[in-house]
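Sharing a structure here in structure tokens format.
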Amino acid sequence: MSKTIYVGNLPFSASEDEVRELFAAHGDVLSVKLISDRETGRPRGFGFVEMDEDAAAGAIQALDGSTMGGRSLRVNEARERGDSRGPRRGGGGDHGRY
DNA sequence: CTTGAGCGG
């Protein structure tokens, strides 16, 4: 299917459309979701971008480490929120973490 | 009119 990308350290002035266009420049953006506080309605400054696996990998390495609005843009593969089948040993899709 | 943590319903 698709791969979820975690986008953090985003400027508070950023919107889903900006992130969508930013990632769309590197691949096909399936969906963009910015996380904001549900109780205060205040933007947390991070979001999630759903893209194709190959496109996501390219967008991550292309946008990760870049700067947006003067802040370092953080782009990485997001965790798996769903899938109650049971996380494989400790859960958390780490690829190269200790 | 406000802020800065890496991971959402």
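Within every chain, numbering begins at 1; the chains are lettered A, B, ... in the order of the sequence lines, protein sequences first and strands thereafter.
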Passes side chain to side chain contact (heavy atoms under 4.5 Å, CB included), A/R44 versus A/D37? Steps please. CA-CA 6 Å; A/R44 282 202 171 183; A/D37 205 293; 3.8 Å; yes
Could you tell me the separation between the CZ atom of A/R44 and the C1' atom of B/dG9, rounded to a whole number of Å?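 To the nearest whole Å, that distance equals 13 Å.
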Can you tell me the distance, in whole Å, between the CZ atom of A/R79 and the P atom of B/dG9?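 Whole-Å distance recorded here is 15 Å.
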Side-chain contact test, heavy atoms from C-beta onward, threshold under 4.5 Å: evaluate it for A/F48 versus A/I35 and give yes or no.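 Yes, at least one pair of side-chain atoms sits under 4.5 Å.
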For residues 28-40 of chain A, which residues have at least one heavy atom under 4.0 Å from DNA chain B?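 Correct list: A/K33, A/I35.
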Say whether A/V75 and A/M68 are linked into one hydrophobic cluster, either directly or through other cluster members, by side-chain heavy-atom distances under 4.5 angstrom.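 A/V75 clusters together with A/M68.
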Do any of residues 10-23 of chain A sit with a heavy atom less than 4.0 Å from DNA chain B, and if so which?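 Residues of residues 10-23 of chain A under 4.0 Å from DNA chain B: A/L10, A/P11, A/F12.
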Select one nucleotide: of B/dC7, B/dT2, B/dG8, the one nearest the side-chain heavy atoms of A/R42.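 Of the candidates, B/dT2 comes closest.
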With the side chain counted from C-beta on, respond yes when A/L73 and A/D64 share a heavy-atom pair under 4.5 Å apart, and no when they do not.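 No - every pair of side-chain heavy atoms lies 4.5 Å or more apart.
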Donor-acceptor contact present, side-chain A/R71 to main-chain A/G69, <3.5 Å: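 Judged by distance alone, yes, a pair lies under 3.5 Å.
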Starting at the 5' end of DNA chain B, which residue's closest nucleotide do you reach first, A/Y6 or A/P43?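 Nearest-nucleotide comparison on DNA chain B picks A/P43.
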Using distance only, find each side-chain donor-acceptor pair of residues 17-33 of chain A under 3.5 Å and give its atom names and separation, not counting sequence neighbours.
residue, atom, partner, partner atom, Å
A/E18, OE2, A/S15, N, 3.4
A/E18, OE2, A/S15, OG, 3.1

Applying the 5.5 Å / 30° rule, does A/F48 stack onto the base of B/dG8?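 Aromatic stack with B/dG8 present for A/F48.
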On a heavy-atom basis, which atom in A/S36 and which in A/P43 lie closest, and how many Å separate them?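 Here A/S36 and A/P43 meet closest at CB-CA, 3.8 Å.
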Between A/E50 and A/S2, do the side chains contain an N or O donor and an N or O acceptor separated by less than 3.5 Å?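 There is such a pair between these side chains.
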Between C1' on B/dG4 and CZ on A/R71, what's the gap in Å once rounded to a whole number?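 Those two atoms, CZ and C1', are 9 Å apart.
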